[in-house]
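The structure appears below as structure tokens.
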Amino acid sequence: MKPFVLYLLAGIVSCAVCAGVLPILRRAVSRAFLDNPGGLKTHHGAVPLLGGCGIFLGLISGLVFIRLTTDFPSGTLHTLRGICLGGLLIFLLGLADDLNKPKGVNIALKLLVQLTAVAALIYYGIVIRAFPSPWVAWPLTFLWVAGLTNAFNLLDIMDGLCVSQGVICTLGLTFIALPGEYVYVNFAALSLLGACLAFWPHNHASKKIFLGDSGSTLIGFTVASLSIGTGYSGHTDWGFLAPLFILAVPLFDTVFVSLARLLKGKNPLKGSPDHIALRLKKAGWKPGTIVTAFAATGLLCNGCAWVLTRAGLPLVIGLFVLTGLSALILTFYLLKLPAD
């Protein structure tokens with residue numbers, strides 16, 4: 001069977017499993033494990049939290065199906081074990097956080113589990129390779145993966161916002177990775193894409209279900225892990241910088257929220273209404289418009305990522321200068337919007 005067909009099947013199986021599981025999950029937890037409105041949460045009525053279980057089951061089902069129906073190239077299964085093991089730890093951590101709302105899991109335990117999940121990635125060969133020294137590569141890998149895991153969790157502040165970025169980032173990774181030999185990236189990215197596409201409508205339905213921390217952190221962890229495994233420098237030496245553009249939206253959102261809280265003397269790890277989406281909503285933007293604006297920005301940045309994998313140094317410098325100026329202007333604009 002041709003690789004393209006297998007990639008497609010991974011996404012279809014994942015989508016079908018997630019779509020089939022979510023209604024069952026919603027009915028099963030409709031009177032328990034609910035996210036109640038209040039504080040930063042402005043939704044109406046209590047909403048079931050465990051949509052992340054659907055994402056997890058869809059992702060794993062897609063990978064298991066491919067495992068049982070084909071022979072992986074040498075090394076592929078070994079690498080996928082790292083993503084599955086690390087992803088399982090992150091999912092269980094998020095699930096524990098969801099089941100213990102509103103108190104949740106303490107920050108020290110979260111960091112310990114995230115460190116263990118990244119250690120699993122490193123053990124199975126998923127590590128930032130731009131720096132040959134493990135004393136540099138390993139800490140950077142932890143900062144990258146743990147940072148993006150939490151960045152996607154921060155994005156889960158409005159219906160469709162986090163999952164739409166999951167869709168866009170996996171599409172970007174797949175588009176860039178497909179010509180290469182890193183087939184595990186293609187399989188895992190398309191499996192996650194299928195699960196996210198199946199979940200997205202349920203985030204907007206009248207009888208909705210939320211991702212919860214189990215879903216948002218799993219998406220972030222998986223995308224961050226896969227972004228390390230794609231070959232970016234086949235055409236240019238600067239391609240290794242492409243993940244900064246692929247994941248530009250969650251990265252910028254996290255940096256902005258942290259900056260906004262620090263400027264007000266607040267703990268950047270403590271929740272407050274400094275999110276970009278909430279500022280835009282208070283400025284009069286409709287939720288659908290906000291999600292669309294985030295998605296359009298993500299698509300534009302992923303387009304820049306593709307260009308970066310094929311660009312010479314002058315274009316690379318131009319892209320970063322233009323992006324930096326745009327980010328600076330946007331930061332000043334957003335800081336002027338009401339947050340309280």
Side-chain angles (χ1 to χ4, degrees), residues 75-90 110-154 165-166 169-170 172-189 192 217-255 258 301-302 304-311 313 316 319-320 323-324:
T76 301
L77 183 59
H78 176 81
T79 311
L80 277 175
R81 288 192 183 110
I83 292 177
C84 291
L85 179 56
L88 175 61
L89 289 173
I90 294 297
K110 284 185 178 181
L111 288 175
L112 178 61
V113 175
Q114 289 175 3
L115 178 61
T116 306
V118 176
L121 291 179
I122 294 172
Y123 178 80
Y124 284 100
I126 303 174
V127 64
I128 293 176
R129 301 188 182 279
F131 304 92
S133 171
W135 297 105
V136 177
W138 293 358
L140 283 178
T141 300
F142 172 74
L143 290 174
W144 177 257
V145 176
L148 282 163
T149 297
N150 294 304
F152 273 82
N153 192 27
L154 279 177
Q165 288 301 310
C169 291
T170 49
L173 284 169
T174 303
F175 189 67
I176 291 174
L178 271 175
E181 297 178 357
Y182 297 92
V183 294
Y184 80 88
V185 175
N186 303 326
F187 283 130
L192 180 60
T217 55
L218 176 62
I219 292 172
F221 176 85
T222 307
V223 171
S225 303
L226 295 177
S227 70
I228 296 173
T230 299
Y232 301 101
S233 300
H235 300 278
T236 173
D237 292 337
W238 303 101
F240 74 94
L241 296 170
L244 294 174
F245 284 90
I246 294 173
L247 292 146
V249 171
L251 285 171
F252 178 77
D253 182 74
T254 299
V255 171
S258 300
C301 290
N302 273 267
C304 291
W306 182 84
V307 171
L308 192 64
T309 61
R310 286 156 174 78
L313 182 57
V316 170
L319 274 176
F320 273 94
T323 303

>> Before you tell me yes or no, could you show the steps for F152 and T217 under side-chain contact (heavy atoms from CB on, under 4.5 Å), namely the whole-Å CA-CA distance, both residues' side-chain angles and the distance that decides it to 0.1 Å?
In response: CA-CA 6 Å; F152 273 82; T217 55; over 6 Å; no

Pairwise side-chain contact, [X] with [Y], heavy-atom cut-off 4.5 Å (strictly under):
X    : Y    : result
L148 : V223 : no
L121 : S225 : yes
L247 : W144 : yes
F175 : N302 : no
Y124 : T79  : no

> Should Q114 and N150 be marked as a side-chain contact (heavy atoms from CB on, under 4.5 Å) after you check the CA-CA gap, both sets of side-chain angles, and the distance that decides it?
Replying inline: CA-CA 10 Å; Q114 289 175 3; N150 294 304; 3.2 Å; yes

I need the minimum non-hydrogen distance between [X] and [Y], along with the two atoms involved.
X    : Y    : value
A151 : P250 : CB-O, 3.7 Å
A305 : A242 : CB-O, 3.6 Å
G86  : A117 : O-CB, 3.7 Å
A224 : V145 : CB-CA, 3.9 Å
G87  : F221 : N-CE2, 3.2 Å

Roughly how far apart are [X] [atom1] and [Y] [atom2], rounded to 0.5 Å?
X    : Y    : atom1 : atom2 : value
T141 : I126 : OG1   : CD1   : 10.0 Å
L85  : I90  : CG    : CD1   : 10.5 Å
L140 : W138 : CG    : CH2   : 13.0 Å
L218 : L88  : CG    : CG    : 9.5 Å
L173 : I228 : CG    : CD1   : 11.0 Å
S227 : I176 : OG    : CD1   : 10.5 Å

> Short question: side chain of N153, backbone of T149 - any donor-acceptor pair under 3.5 Å?
Replying inline: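 Flag not set: sc N153 to bb T149 has no pair under 3.5 Å.
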
> Passes side-chain contact (heavy atoms from CB on, under 4.5 Å), F320 versus L308? Steps please.
Replying inline: CA-CA 10 Å; F320 273 94; L308 192 64; 4.2 Å; yes

>> Test side-chain contact (heavy atoms from CB on, under 4.5 Å) on V307 and F245; report intermediate values, then the result.
In response: CA-CA 10 Å; V307 171; F245 284 90; over 6 Å; no

>> Please tell me whether D253 and Q165 have a donor and an acceptor in their side chains that are separated by less than 3.5 angstrom.
In response: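 There is no such pair (donor and acceptor under 3.5 Å, judged by atom type) between the side chains of D253 and Q165.
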
